[in-house]
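Let me begin by presenting the structure, written as structure tokens, before commenting on it.
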6 protein chains.
Amino acid sequence: MSMNNLGIVRRRIERADPAAVEQLSRFGVATIHEAMGRVGLMKPTIRPIYQGAHVCGTAVTVLLQPGDNWMLHVAAEQLRDGDVVVAACTTDSEDGYFGDLLATSFRARGGRGLIIDGGVRDVKDLTAMQFPVFSRAINARGTVKATLGSVNIPVVCAGALVNPGDVVIADDDGVVVVPAAIARQAADAAAAREANEADKRKRLAAGELGLDMYRMREPLEKAGLKYID
Amino acid sequence: MSMNNLGIVRRRIERADPAAVEQLSRFGVATIHEAMGRVGLMKPTIRPIYQGAHVCGTAVTVLLQPGDNWMLHVAAEQLRDGDVVVAACTTDSEDGYFGDLLATSFRARGGRGLIIDGGVRDVKDLTAMQFPVFSRAINARGTVKATLGSVNIPVVCAGALVNPGDVVIADDDGVVVVPAAIARQAADAAAAREANEADKRKRLAAGELGLDMYRMREPLEKAGLKYID
Amino acid sequence: MSMNNLGIVRRRIERADPAAVEQLSRFGVATIHEAMGRVGLMKPTIRPIYQGAHVCGTAVTVLLQPGDNWMLHVAAEQLRDGDVVVAACTTDSEDGYFGDLLATSFRARGGRGLIIDGGVRDVKDLTAMQFPVFSRAINARGTVKATLGSVNIPVVCAGALVNPGDVVIADDDGVVVVPAAIARQAADAAAAREANEADKRKRLAAGELGLDMYRMREPLEKAGLKYID
Amino acid sequence: MSMNNLGIVRRRIERADPAAVEQLSRFGVATIHEAMGRVGLMKPTIRPIYQGAHVCGTAVTVLLQPGDNWMLHVAAEQLRDGDVVVAACTTDSEDGYFGDLLATSFRARGGRGLIIDGGVRDVKDLTAMQFPVFSRAINARGTVKATLGSVNIPVVCAGALVNPGDVVIADDDGVVVVPAAIARQAADAAAAREANEADKRKRLAAGELGLDMYRMREPLEKAGLKYID
Amino acid sequence: MSMNNLGIVRRRIERADPAAVEQLSRFGVATIHEAMGRVGLMKPTIRPIYQGAHVCGTAVTVLLQPGDNWMLHVAAEQLRDGDVVVAACTTDSEDGYFGDLLATSFRARGGRGLIIDGGVRDVKDLTAMQFPVFSRAINARGTVKATLGSVNIPVVCAGALVNPGDVVIADDDGVVVVPAAIARQAADAAAAREANEADKRKRLAAGELGLDMYRMREPLEKAGLKYID
Amino acid sequence: MSMNNLGIVRRRIERADPAAVEQLSRFGVATIHEAMGRVGLMKPTIRPIYQGAHVCGTAVTVLLQPGDNWMLHVAAEQLRDGDVVVAACTTDSEDGYFGDLLATSFRARGGRGLIIDGGVRDVKDLTAMQFPVFSRAINARGTVKATLGSVNIPVVCAGALVNPGDVVIADDDGVVVVPAAIARQAADAAAAREANEADKRKRLAAGELGLDMYRMREPLEKAGLKYID
């Protein structure tokens, strides 16, 4: 085992089963996160750059150095149709690593979107392109191309571990990572959860209380809840 | 006096006079806050989840435990038409306590909106429903139902003291709390202030300076202001 | 040299060449910042209050005291057509220093917009007016008129030094300051850069890689990048 | 009821029973907070300015305006032996409201310490004086004396409601507020809790597990905890 | 592969080679981080609770739920001599999960210290015990014991991936994680780096410039650095 | 005028009058800031790395690139006895730019301390050396030497404009910058202020109220302050 995983580009990665990815693309981030047992979320500091942005695809991971976007250019070559770039940084940084030129390149190579624990710019153009970007900041600050990071190594992005090939789903509620090995299982669980919710919504809309629907009254009483008039 | 106010649901609360609530609903948060003598605001960390969200109603207060939304279900039963749920937490937390199912339930019970010093999710659905929510964060992170908080006790929400029954008004500028006992007085003061503003706006639009309109030249000179060419 | 620069209004300032300002108004903030050699940006904490806000003009600078907007009224009188007010504060503060009345006054006097390292309110009205405001916060909290600051002295606003008369450009990506003396030079450099970008965009859209277009392969190899299958 | 509570000094306040205050002074903040049922804490943003600072006394409350420490001078006159000044601000501010001169004055009038949701300065002198100060920031920035706040009205300080006369206890762990009416009850509960802890500490030091001492094994198993080899 | 890794306690973990741990304990965090190629650090938000705290040991990992310290009690049983508890949380939280009782228990079971991406309390006692704790916050806020997390699963703590058995070193400069498999290699590299530094320190102390010692003049000139008189 | 001020080292700078520097070194930061009319402070995010750190000297300024400390080595050569390095960065960054080796070098060249809007490491060694460092963060994260910044150009450091040769004074309360041209004037004003304070301290210690000493009663009454029994 080598000590250092900087300066590496892994060309062959195991991408999650396309059918599972497709299935997962139908569900929201909150639903998938709940279906997985309430794990897998990035921190809520990662936000869409325009309302309604949504993406689901397989992760090509990038480890950036602060103020340096060299590795995003390296990553572009590794993209296949259906990939989403997930970019972490070796340190907290909000510089503008990404703009409309890189988005054009990513899209031309099959890239569906970007999740980045850093800043991006050209948001007007990116919005016009409807290229879904989820970032920590919007920042016009430019970057250099001087120091090596890596592509397709495991990264920690906004608090979540992402392995290359994992499924990444992002929408207005946040970003969730589904390990490739359990993509199908997570999709099934999400489907089950969603089916369940439609009925609940109807009953709640009719005025039924969650207290009754979820049978909470007894456990609340047991926990000692007191009603006072 | 009991030491502990956790695990309590107060069923009967004194709601502010409906006529005063209706009157207050016509004014913006900034106007009401000024009319009250520049007090009553929550911190600006509480933001609408969609542009143009606006709500005015009587507070049903909730004290949540971190990562636990049990009390929101308990609160649903206490809602009456025209109420707004105001949810504080015993500690700083940005988990996603609220989504479209609870919004459906609140609305079915007469709830007009939610102010929460925490996170919410399903923002796409909430926006589609036009259910006004003002929160500290958007976060897909789910919660448990395990520990008691309280409903309809006085709470400190985002730095503002809120008593059950107080009037809460929220718009793009923030959230203001009007104690029930002075709701009418505040509404009258807001009306007076707004009437006053229309004329000022016209004069300023015509090029008159605030320096002259507000007679600031003399106090500025007294304070020592120096003009240099 | 006087020790104190508080309590001063400078009436005569050297505004940047109008032709250069006009030329700069055609470019985005990121482009201008890059063209200047990656300097001149304010911190990304300054954000537009509505999507699509854009302004380019000559700075009338204001130094505010915390919770006190007196100097904005003083500044209104110093505005000429094409000016943008740039307001810094002697300390970090997010109070609501500015609203639709001051915007009405600024516009009537020729003001094109506001950049403020503080809070603003009446965002619904400001949006309806399409008066471009870039601020650190949205906050209904009102201010007093009690303590002197200054107008048209050099200020540090959100980390950037701004001299009265400098060109300030702001859009969705942030805010950049161009010293008056190099406005023309910066505009030319921005134009050169933008011309260059159109061609790059086309090539990237056709699938050419940045790795090849920017000739990065050799320097990457020299730096030690390793490809692993 | 008057709408406005700014510009008011309440001279007569109900201070908590001195015996209860004395009793509470023997316990740490964490113990008292737990004994009260896990409520009453200020946010952890309030920190001691020197290690080992500790204070317990009855609150004289102050509501400050941003960047303005006028009301601290007004408060000095209201101090009695054993009081602690609790200063909130109408808005978030970290200016330096307090230094060694005010500390000298407070001490001369019987004041035992200061809790302030703002900044302080002269920390070297305050440390030398061993005058316990708990603040949100250390900041050399000075303040003006221009706008009225209030003394001895209920304030929200760092998220906690404080009424004049309440007991305030602060140590390295934070700040807790005990309403005057339950001071005795809280002191008794704290004493009971502390007695209990000595025995626990001995058993844990001897290697007994909390799992056994607190009988957690059964509830953990019920909750579904699985041990894997 | 199971989808869910909550509610699990792994009893058998592969701890790093004790000799390598011992060797690593002689070096500072900055040295080890550099020796590993500038990776492995937690975010600088994790700070020692007292000056001079230092710990080096093998990780027993814990995944906590917000406001719930149940799993720390579960972890105590899994400790062996030389272990350090590394506690992450499923969400950002600064509650006080740990105090002197748990420290007493950890120490009695062989635990050498705690790294926690959350809050702790009883800092006076912990300091007196000289029990090294590195945390995100100091907070008197108590926690409940209601919801399952896990022990000895891989966790992301303050941005760093930690596997059970990894070496964790913490001092005044921060926290670094060394994967068990490369502990020896990292220790050797740290030793080499440190040997190298002693000589450099001497030369620099004698007035030699880094510019000369590191032969920077040529690359600086190549990069275009200009000296102006 | 050149557009770009990156990649420049200015060798000859106008340092403030040594006698004025010596005089200023006797006063605290708060006193000097007040004496200058309440201006010149850096943001309170800059803190000493050890208690009691104090420095006063003439600024050698540095503009760093994110994650890159090359220019600190370049700056070392420009130091003269009595200088203090003031390092700003082109973007917000908390990496560890400085440690004990650079401190050794700075001291050997006459440097008295460091003010940096970034991170530093080796704090244990720096403390042992009693080398005064004031920084935004403590961070073991290392940096590269790849991109040019500048030395001895005007910089904005933590919100304050610093010109090379200005006097910089830092202590437990923060950091203040005195322009070289007014160093003597500021020192005189500080001396006058301090003389004044000794008498005030004595009167306040004797129980006299600030209300009387500063003659505040009349202006408070005029402002509308009301005493209630």
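Chain naming here is simple, since letters A, B, ... match the order of the sequence lines and numbering starts at 1 in each.
With a 4.5 angstrom heavy-atom cutoff, B:Leu148 touches chain A only via side-chain atoms. Looking at B:Thr143, the atoms closer than 4.5 Å to chain A (heavy atoms on both sides) all sit in the backbone: N, CA, C or O. Looking at A:Arg203, there are no atoms closer than 4.5 Å to chain B (heavy atoms on both sides), in backbone or side chain. If you measure heavy-atom distances from B:Asp100 to chain A, the contacts under 4.5 Å come from the side chain alone. For A:Leu220, the parts sitting under 4.5 Å from any heavy atom of chain B are the backbone and the side chain alike. Contact annotation for B:Arg109: only side-chain heavy atoms (C-beta onward) come within less than 4.5 Å of a heavy atom of chain A. In this structure, the portions of B:Val74 lying under 4.5 Å from any heavy atom of chain A include both its backbone and its side chain. At a 4.5 Å heavy-atom cutoff, the contact between B:Ala76 and chain A is made by backbone and side-chain atoms alike.
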Go through it in stages, so that I can follow the logic: the residues are B:Glu94 and B:Arg141, the test is side-chain contact (heavy atoms from CB on, under 4.5 Å), and I'd like the CA-CA distance, side-chain angles, deciding distance and then a yes or no. CA-CA 9 Å; B:Glu94 302 198 343; B:Arg141 171 88 45 197; over 6 Å; no
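Ranked by heavy-atom pairs under 4.5 Å with chain A, the first of B:Thr147, B:Asp125, B:Ile138 is B:Ile138. In terms of heavy-atom pairs under 4.5 Å with chain B, the best-connected choice from A:Gly210, A:Gly52, A:Ala205 is A:Ala205. The candidate with the highest count of non-hydrogen atom pairs below 4.5 Å against chain A, out of B:Ser105, B:Ala140, B:Ala103, B:Ala137, is B:Ala140. Per-residue heavy-atom pair counts under 4.5 Å with chain A were compared for B:Arg107, B:Arg12, B:Lys124, B:His73, and the maximum is reached by B:His73.
Every residue two or more places apart in sequence or in another chain that forms a ring pair (Phe, Tyr, Trp, His ring centres under 6.0 Å) with B:Phe106 is listed here: B:Phe98. The side-chain hydrogen bond (donor to acceptor under 3.5 Å, both in side chains) search around B:Gln78 returns none, not counting sequence neighbours.
Within 6.0 Å of the CD atom in A:Glu208, the count of heavy atoms belonging to other residues, nucleotides or ligands exceeds 12. Heavy atoms from other residues, nucleotides or ligands lying under 6.0 Å from CD of A:Gln130 number more than 12.
Comment: A:Arg217 does not engage A:Glu221 in a salt bridge, judged by the lack of any side-chain N to carboxylate O separation of less than 4.0 angstrom.
Tested against B:Leu114, the residues B:Val55, B:Leu126, B:Val120, B:Val84 include a single side-chain contact (heavy atoms from CB on, under 4.5 Å) partner, B:Val120. Here the options are B:Asp81, B:Asp17, B:Asp83, the test is side chain to side chain donor-acceptor pair (under 3.5 Å), and the partner is B:Thr58; only B:Asp83 passes.
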